[in-house]
Amino acid sequence: VAGFQTIAPAGVALTVKVTGPGEATLQGQPFKFDAGKPVTLRVLVDHSIVEGFAQQGRAVSTLPYCPPSAYATGLEIFNSGSDDLTANVTVHQLKTANIVPMKIII
């Protein structure tokens, strides 16, 4: 059985396991993929959550976490299976979504 884990700060883990040809799970949620093609996992890490989207949202997982500090950033990928694993990783820093309240004049 092939699989991998993505570990966010504070030890939050998203686990993907390949359970058969064209079949896998994300945190136990089954999803299908084209056998012979890569399994995709998009991971979003925010201030208090980690979200994983397997195969463009066929399986989704949202996990809460509380980082020990504002500087606790990082992402680790582990191969927990016996097969080779190739990971293509792209990291984007997002701008804040904080909205400054506007003063309403009546």
Side-chain angles (χ1 to χ4, degrees):
V1 174
F4 59 91
Q5 280 191 326
T6 303
I7 311 292
V12 175
L14 290 172
T15 303
V16 174
K17 290 184 181 177
V18 177
T19 57
E23 298 177 351
T25 63
L26 169 64
Q27 297 298 102
Q29 297 178 54
F31 65 92
K32 296 194 180 290
F33 66 97
D34 293 332
K37 292 189 177 180
V39 173
T40 63
L41 178 64
R42 182 176 185 169
V43 179
L44 302 178
V45 180
D46 197 354
H47 295 286
S48 61
I49 62 167
V50 175
E51 292 184 296
F53 301 88
Q55 296 305 107
Q56 293 78 38
R58 290 183 184 169
V60 178
S61 180
T62 301
L63 302 170
Y65 86 104
C66 184
S69 77
Y71 302 103
T73 60
L75 189 66
E76 299 173 316
I77 299 174
F78 295 93
N79 181 3
S80 59
S82 57
D83 296 334
D84 289 341
L85 171 70
T86 301
N88 295 319
V89 178
T90 304
V91 178
H92 301 278
Q93 183 172 354
L94 304 177
K95 294 182 180 180
T96 183
N98 294 339
I99 299 171
V100 178
M102 294 175 43
K103 185 174 182 178
I104 299 174
I105 302 172
I106 300 179

L63 vs L14 side-chain heavy atoms within contact, under 4.5 Å:
yes

Using a 4.5 Å cut-off on heavy atoms from C-beta on, say whether the side chain of L41 contacts that of L26.
yes

What are the two closest heavy atoms between P21 and A35, and how far apart are they?
C-CB, 4.4 Å

Using only atom types and a distance under 3.5 Å, with no angle test, would you say the side chain of R42 pairs donor to acceptor with the backbone of A54?
no

Apply the test side chain to side chain contact (heavy atoms under 4.5 Å, CB included) to residues T15 and Q27: give CA-CA distance (whole Å), side-chain angles for both, the deciding distance (0.1 Å), then the verdict.
CA-CA 5 Å; T15 303; Q27 297 298 102; 3.6 Å; yes

Within the 4.5 Å heavy-atom criterion, are V43 and F53 side-chain neighbours or not?
no

Heavy-atom side-chain proximity of E23 to V18 below 4.5 angstrom
no

Contact between F31 and V16 at the side-chain level, heavy atoms closer than 4.5 Å - yes or no?
yes

Within a strict 4.5 Å, meaning less than it, do heavy atoms of the E51 and V60 side chains meet?
no

Looking only at heavy atoms, the pair that brings A24 and F33 closest together is CB-CE2, 3.9 Å

